[in-house]
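Only one structure is covered here, and it is reproduced in the block below.
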There are 2 protein chains.
Amino acid sequence: MLNYQGPLDLAFQALADPARRAIVDRLALGPASVSELARPLPMSLPAVMLHLKVLEESGLVKSEKVGRVRTCRIEPQMLSQAERWITERRQMWERNLDRLGAFLEETKPEHEK
Amino acid sequence: MLNYQGPLDLAFQALADPARRAIVDRLALGPASVSELARPLPMSLPAVMLHLKVLEESGLVKSEKVGRVRTCRIEPQMLSQAERWITERRQMWERNLDRLGAFLEETKPEHEK
DNA sequence: TTGATAGTTAAGCATATACTTAACTATCAA
DNA sequence: TTGATAGTTAAGTATATGCTTAACTATCAA
């Protein structure tokens, strides 16, 4: 599959890293500056910037710089997209399970019903 | 954050790869053998096995070998967990947006209401 | 009992990822 | 106008990831 980077690839890849999920976690509470996001993380500021770049390129986070402060916020639409991908697969699987159950029920010998 | 691998890390990391999402995609339709999963993928069988290993270690997929055929199936619980992580963050963000909206509404000068 | 099928293991390799430190630029406030 | 704050860029490095081919084992069916 080499390297095609559709929107979902970027989103799931972004969410794959615990530091980046910690950032999303923090941003769920409301907007925050870069250093605010960096403070609790056990790594250097430039490392946090890289994570932020990945999150922005994935569309999960947007940011805006005013004066010397860059304020980051969650972009809920991309979260929804990732969410929906998972939900759809899980529901498909569960519907198939249900169908199988119904089939087994229908084809059961009379005395077992 | 180096390398802690909690359940969600493994799950999101597994979903980060397009080949692995293709496998989940296929498995949503129902159980499948290793070579059935490999057929549509543009890579060697051993490569598919590695992806399968990642999926199994993440708990998203389980498999069972009968005779010489290994049959793989989705484990919906882990899908749910990943799903829930995203949903919770998105909802938290959206509730905060709502609160902000309500606050702005309440503090608006009378004539703007 | 032999050949085809299904899967597995091992070794190796190229690239991507997640960091680091050092040096730098802009903004703000005294 | 100087020093602190907030962020950025660059260069380098260690490890992880995603693949390959070759060689192997186990099962099944004729």
Side-chain angles (χ1 to χ4, degrees), chain A residues 1-6 8-27 30-58 60-73, chain B residues 1-27 30-73:
Chain A
M1 219 117 237
L2 230 60
N3 226 13
Y4 168 63
Q5 302 295 43
L8 278 175
D9 291 272
L10 294 174
F12 279 116
Q13 221 172 103
L15 292 175
D17 187 279
R20 287 193 291 263
R21 283 207 312 288
I23 291 176
V24 171
D25 227 13
R26 165 61 190 81
L27 289 179
S33 71
V34 173
S35 21
E36 225 169 312
L37 292 172
R39 197 159 19 218
L41 297 175
M43 67 186 65
S44 65
L45 237 202
V48 174
M49 301 263 320
L50 289 185
H51 285 306
L52 237 26
K53 197 177 160 226
V54 172
L55 284 167
E56 283 211 54
E57 286 175 352
S58 78
L60 287 165
V61 164
K62 286 237 179 314
S63 76
E64 189 190 10
K65 195 167 179 179
V66 173
R68 53 183 170 172
V69 177
R70 175 174 299 280
T71 301
C72 307
R73 63 191 72 247
Chain B
M1 217 116 235
L2 229 63
N3 225 11
Y4 169 63
Q5 302 294 40
L8 278 176
D9 292 274
L10 293 175
F12 279 115
Q13 221 171 99
L15 293 176
D17 187 279
R20 287 193 293 264
R21 283 208 311 289
I23 291 176
V24 171
D25 226 15
R26 166 61 189 81
L27 289 178
S33 71
V34 173
S35 21
E36 227 170 311
L37 291 172
R39 196 158 16 213
L41 297 175
M43 66 186 66
S44 67
L45 237 201
V48 174
M49 301 262 322
L50 290 185
H51 285 305
L52 237 25
K53 197 176 160 226
V54 172
L55 283 167
E56 283 211 55
E57 287 175 353
S58 78
L60 287 166
V61 164
K62 287 237 179 316
S63 76
E64 189 191 10
K65 195 168 177 178
V66 173
R68 53 183 169 170
V69 176
R70 177 174 297 281
T71 302
C72 308
R73 62 191 71 247

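Sequence lines set the chain letters: A, B, ... in the order given, protein chains first and strands last, and positions in each chain run from 1. Reckoned from all heavy atoms, side chains included, excluding hydrogens, waters and symmetry mates.
Between B/Glu64 atom CD and D/dT27 atom C1' there is a gap of 16 Å when expressed in whole angstrom units. What separates NZ of A/Lys65 from C1' of C/dT27 is a distance of 9 Å, to the nearest Å. Atom-to-atom, CZ of B/Arg70 to P of D/dT27 comes out at 12 Å; the value is rounded to the nearest Å. When rounded to the nearest whole Å, the span between CG of B/Asp9 and P of D/dT17 equals 11 Å. As rounded to whole Å, 12 Å separates atom C1' of C/dC19 from atom CZ of A/Arg20. Distance NE2 (B/His51) to P (D/dT17): 12 Å, rounded to an integer number of Å. Distance CG (A/Leu52) to C1' (D/dT9): 15 Å, rounded to an integer number of Å. Per the geometry, CG belonging to A/Leu45 stands 15 Å off C1' belonging to D/dA4, to the nearest Å.
Shown here for B/Leu52 and B/Cys72, the closest heavy-atom pair between the two residues is CD2-SG, 4.0 Å. In this structure, A/Met49 and A/Val34 approach most closely via the heavy-atom pair SD-CG1, 4.0 Å. B/Ala11 approaches B/Leu60 most closely through the heavy-atom pair O-CD1, 3.8 Å. The two atoms that bring A/Glu36 and A/Pro40 nearest to each other are O-CD, 3.4 Å, heavy atoms only. Among all heavy-atom pairs drawn from A/Ser63 and A/Glu56, the shortest one is OG-OE2, 2.6 Å.
For the contact set between residues 31-39 of chain B and DNA chain D, defined by any heavy atom under 4.0 Å, there are no members.
For C/dT20, the OP1/OP2 oxygens have a side-chain nitrogen or oxygen of A/Ser44 closer than 4.0 Å.
When each of A/Val66 and A/Ala16 is assigned the nucleotide of DNA chain C with its nearest heavy atom, A/Ala16 is the one assigned upstream, toward the 5' end. Residue whose closest nucleotide on DNA chain D sits further toward the 5' end, between A/Leu50 and A/Val69: A/Val69.
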*asked:* Dot-bracket, 5' to 3', for DNA chain D please: Watson-Crick or G-U pairs under 3.5 Å, [ ] where pairs cross earlier ones, | where the partner sits on another strand, dots elsewhere.
replied: ||||||||||||||||||||||||||||||
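Minimum atom distance to the side chain of B/Asp17 is reached by D/dG18, of the listed D/dG18, C/dA22, D/dC28. Between C/dA22, D/dG7, C/dT17, one nucleotide has an atom nearer to the side chain of A/Pro46 than all others, and that is C/dA22. Considering only the side chain of A/Arg68, D/dA4 comes nearest among D/dA4, D/dT27, D/dT20. The nucleotide whose nearest atom lies closest to any side-chain atom of B/Gln13 is, among D/dC19, D/dT17, C/dT20, D/dT17. Distance from the side chain of A/Met43 is smallest to C/dT20 among C/dG7, D/dC19, C/dT20.
A donor-acceptor contact closer than 3.5 angstrom is absent between the side chains of A/Gln13 and A/Ser58.
Formation of a donor-acceptor pair under 3.5 Å by the B/Arg73 side chain with backbone atoms of B/Pro31 is not found in this model. With B/Ser35 contributing its side chain and B/Ala38 its backbone, the two residues share no donor-acceptor pair below 3.5 Å.
Atom CG of B/Leu37 sits about 5.0 Å away from atom CG of B/Leu27, to the nearest 0.5 Å.
Each side chain to side chain donor-acceptor pair (under 3.5 Å) pair with one or both residues in residues 44-53 of chain B, not counting sequence neighbours, appears once here: B/Arg20-B/His51.
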